[in-house]
Amino acid sequence: MRLSRYFLPILRDAPREAEIVSHRLMLRAGMIRQQSAGIYSWLPLGLRVLEKINRIVREEQNRSGAIEILMPTIQSADLWRESGRYDAYGKEMLRITDRNKREMLYGPTNEEMVTDIFRSYVKSYKDLPLNLYHIQWKFRDERRPRFGVMRGREFLMKDAYSFDIDQAAARHAYNRMFTAYLRTFARLGLKAIPMRADTGPIGGDLSHEFIVLASTGESQVFCHKDYLDFETPAADTDFDSVEGLQAIVDKWTSLYAATDEMHDKASYEAIPSDAQVSARGIEVGHIFYFGTKYSDPMGATVTGPDGAQTPVHMGSYGIGPSRLVAALIEAGHDDGGIVWPDEIAPFDVAVLNLKAGDAGTDAACENLYKSLLAKGYDALYDDTDERPGGKFATADLIGVPWQIIVGPKGLTDGKVEIKRRAGGERESVPLEAALERFKGKAA
RNA sequence: CGGAGUGUAGCGCAGUCUGGUAGCGCACUACGUUCGGGACGUAGGGGUCGCAGGUUCAAAUCCUGCCACUCCGACCA
């Protein structure tokens with residue numbers, strides 16, 4: 001992308017209302033624009049990051065055996081009356097009336113709807129297990145939205161729903177998601193620790209929150225230090241292996257880890273004091289097993305091997321990609337701006353032409369830019385006629401992991417500079433070497 | 001939902017107390033000089049002062065009502 005033709009509305013000063021660092025940086029970097037309390041437009045740079053997160057989430061969901069669908073944002077109140085949640089859900093549910101005076105709602109979650117889909121088509125235990133997920137916008141009319149997209153009213157959520165014949169099978173479905181989540185967050189460059197969670201209004205008796213440690217986190221969390229060094233399940237993990245997944249989950253739940261609400265002082269203090277971690281955390285995922293809470297009242301049953309109708313055992317599994325954007329910034333930034341993990345960055349590499357209009361730098365940059373594109377990189381070419389200082393500041397602010405800096409000074413020796421955003425290391429190399437350094441994007 | 005605030009140009013702010021031609025910095029446009037860490041000069045453009053009433057010769061400023069947004073707390077992916 002040529003910056004001169006892109007839409008990147010950088011702000012030099014953050015708007016006054018933005019308090020936390022991720023919100024300030026997202027506004028400054030031109031990633032989002034607030035349209036209403038807790039409701040945001042996603043501008044090109046923000047959308048790129050959001051899509052990169054979605055891609056990873058999708059890959060790991062698919063790897064674990066989940067199947068993608070897409071359900072609507074608007075739902076019928078009737079469906080929610082079946083489960084009893086239409087009245088149980090408070091003012092957080094945005095209720096809408098259509099022109100025919102039918103009661104509708106903007107979905108805060110999709111258990112009822114996916115259960116309806118399931119019961120319409122699936123009739124036999126032979127079609128289980130099944131896990132359907134979608135990535136869709138949700139709306140919860142929070143009393144007090146805050147912290148930008150971290151706690152918006154409208155937010156993007158990946159929600160998966162598992163269907164199984166009995167509790168043992170549902171446990172395995174839970175373990176699949178548990179494992180997929182460990183992989184997802186690791187690929188996003190985050191250390192997310194599963195913590196026992198309260199099951200809340202959704203109900204059920206097996207639930208974990210995945211918490212990212214960050215000093216600006218919203219809640220207090222406690223855990224054993226060893227979690228930070230646990231190994232992420234491998235890409236070739238066999239998701240069909242009941243024992244294999246159970247071993248992973250057992251390991252990742254073997255030590256103490258709890259949010260404030262579930263905190264048990266005695267258990268925590270039993271941890272050797274040098275292994276106690278008390279920190280702030282951001283919830284980035286939440287998984288539940290809730291049995292037949294919805295399948296029972298909604299009649300989602302299958303015929304078992306014995307010919308009997310059995311309500312299916314369900315679980316639901318959420319990750320908030322829009323919130324993850326903010327969490328990633330909270331976990332990765334410095335005075336200069338955002339520091340994205342390589343896999344999430346909106347662009348892989350930025351080419352900075354320090355003197356646009358100069359025949360030498362123009363030619364070198366064109367060469368670099370086209371070569372990077374040809375090798376599959378998302379490259380951003382700053383071809384504007386801004387001054388060098390501004391270009392450095394912009395590149396740092398938006399957090400592109402690599403910068404290739406091309407100025408007339410270096411070019412007299414045939415050299416360009418490669419800068420790593422994260423550590424700030426820079427290296428002066430011949431133009432050819434820079435071209436070679438970026439060999440091609442590994443799939 | 002309790003408490004505290006804020007609405008003036010795209011962003012950051014002054015002006016409001018004490019009514020009298022709507023300002024500053026950044027950003028934007030043109031030209032010139034600059035050019036390796038957010039340059040400088042000159043000349044420009046841009047605002048129903050959140051909205052609606054009211055008081056007054058005159059309202060960003062005073063009065064009344066409403067709306068929006070933010071922060072702290074309780075609650076949530």
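For A:R146 and B:G5, the CZ to P distance is 19 Å, given to the nearest whole Å. Note: CE (A:M150) to P (B:C71) measures 12 Å, nearest angstrom. If you measure from atom CG of A:D396 to atom P of B:G37, you get 13 Å, rounded to the nearest angstrom. Rounded to a whole Å, the CG atom of A:D385 is 10 Å from the P atom of B:A30. Rounded to whole angstrom, the span from the CG atom of A:N353 across to the P atom of B:C35 amounts to 16 Å. For the pair A:F392 CZ and B:C35 C1', the interatomic distance rounds to 11 Å; values are reported in whole Å. One atom, NZ of A:K391, and another, C1' of B:A39, lie 15 Å apart when rounded to the nearest Å. Taking atom CZ of A:R24 as the reference point, atom P of B:U70 lies 15 Å away to the nearest angstrom.
Nucleotide B:A68 has B:U6 as its partner under the Watson-Crick or G-U criteria, with both atom distances under 3.5 Å. With a cut-off of 3.5 Å on both Watson-Crick or G-U wobble distances, the partner of B:A39 is given as B:U33. Within the shown strands, B:G12 is the pairing partner of B:C24 under the Watson-Crick or G-U definition, both distances less than 3.5 Å. The partner of B:G19 is absent, by the rule that a Watson-Crick or G-U pair needs both atom distances under 3.5 Å. With a cut-off of 3.5 Å on both Watson-Crick or G-U wobble distances, the partner of B:C1 is given as B:G73.
Contacts of A:A393 with the nucleic acid, taken as non-hydrogen atoms under 4.0 Å apart, include base atoms. Within the nucleic acid shown, A:E209 has no heavy atom closer than 4.0 Å to any nucleic acid atom. Counting any heavy atom pair closer than 4.0 Å across all strands shown, A:R28 reaches a base atom. Counting any heavy atom pair closer than 4.0 Å across all strands shown, A:G389 reaches sugar-phosphate atoms only and no base atom. At a threshold of 4.0 angstrom between heavy atoms, the contacts of A:G152 include nucleobase atoms, whether or not backbone atoms are also involved. Looking at heavy-atom distances under 4.0 Å, A:G318 makes no contact with the nucleic acid at all.
Note on A:R81 versus A:E103: salt bridge recorded, some NZ/NE/NH1/NH2 to OD/OE distance being below 4.0 Å. Using a cut-off of 4.0 Å between Lys/Arg side-chain N and Asp/Glu carboxylate O, A:R187 and A:D342 are scored as not salt-bridged.
The P atoms of B:G73 and B:C66 are separated by 28 Å, rounded to the nearest whole Å. Separating the P atom of B:A52 from that of B:G15 is a span of 25 Å, rounded to the nearest Å. When the C1' atom is compared between B:A14 and B:U56, the two are found 26 Å apart, to the nearest whole Å. Taking atom P on both B:A39 and B:C75, the two are 48 Å apart, rounded to the nearest angstrom. Taking the P atom of each, B:C17 and B:G50 are spaced 15 Å apart, rounded to whole Å. The separation of B:C76 from B:A68, taken at their P atoms, amounts to 25 Å, rounded to a whole angstrom. Rounded to a whole angstrom, the distance from the C1' atom of B:U8 to that of B:A4 is 22 Å. Straight-line distance between the P atoms of B:U16 and B:A60: roughly 14 Å, to the nearest whole Å.
With B:G25, B:U70, B:G36 as the choices, the nucleotide that has an atom nearest any side-chain atom of A:Q34 turns out to be B:U70. Between B:C69, B:C72, B:G36, one nucleotide has an atom nearer to the side chain of A:A37 than all others, and that is B:C69. Listed nucleotides: B:C13, B:C76, B:C35. Nearest to the side chain of A:R16: B:C13. Checked against B:G36, B:C1, B:G12, the side chain of A:K91 finds its nearest nucleotide in B:C1. Here B:C76 is the nucleotide among B:C76, B:G36, B:C69 with the atom lying nearest to any side-chain atom of A:E218. In this structure, the nucleotide among B:C72, B:C11, B:G36 sitting nearest to the side chain of A:L11 is B:C11.
For the pair A:A14 and A:F155, nearest-nucleotide mapping onto RNA chain B gives the more 5' position to A:A14. Heavy-atom distances to RNA chain B give each of A:E142 and A:T394 a nearest nucleotide, and the one nearer the 5′ end belongs to A:T394.
Dashed line: the shortest gap from a side-chain N or O of A:R144 to OP1 or OP2 of B:C71 is under 4.0 Å. Look at A:S36 and you won't find any side-chain N or O under 4.0 angstrom from OP1 or OP2 of B:A68.
For the pair A:R421 and A:W402, the cation-pi test (distance below 6.0 Å, angle within 45°) is failed. Both tests pass for A:R95 against the ring of A:Y86: distance under 6.0 Å to the centre and angle within 45° of the axis.
Looking at A:E19, A:E218, A:E142 one by one, the single match for salt bridge (Lys or Arg N to Asp or Glu O under 4.0 Å) with A:R151 turns out to be A:E142.
Annotation: A:F347 is in aromatic contact with A:Y6 [ring centroid separation under 6.0 Å]. In this structure, A:Y289 has its ring center at least 6.0 angstrom away from the ring center of A:Y174. Taking the centre of each ring, A:H263 and A:F222 come in below the 6.0 Å mark.
For A:R151 against B:C75, a side-chain N or O and a base N or O form a donor-acceptor pair under 3.5 Å. Taking 3.5 Å as the limit, the base of B:U34 and the side chain of A:R387 contain a donor-acceptor pair of atoms between them. The base of B:G37 sits within donor-acceptor range of the side chain of A:K419, with an N or O pair under 3.5 Å.
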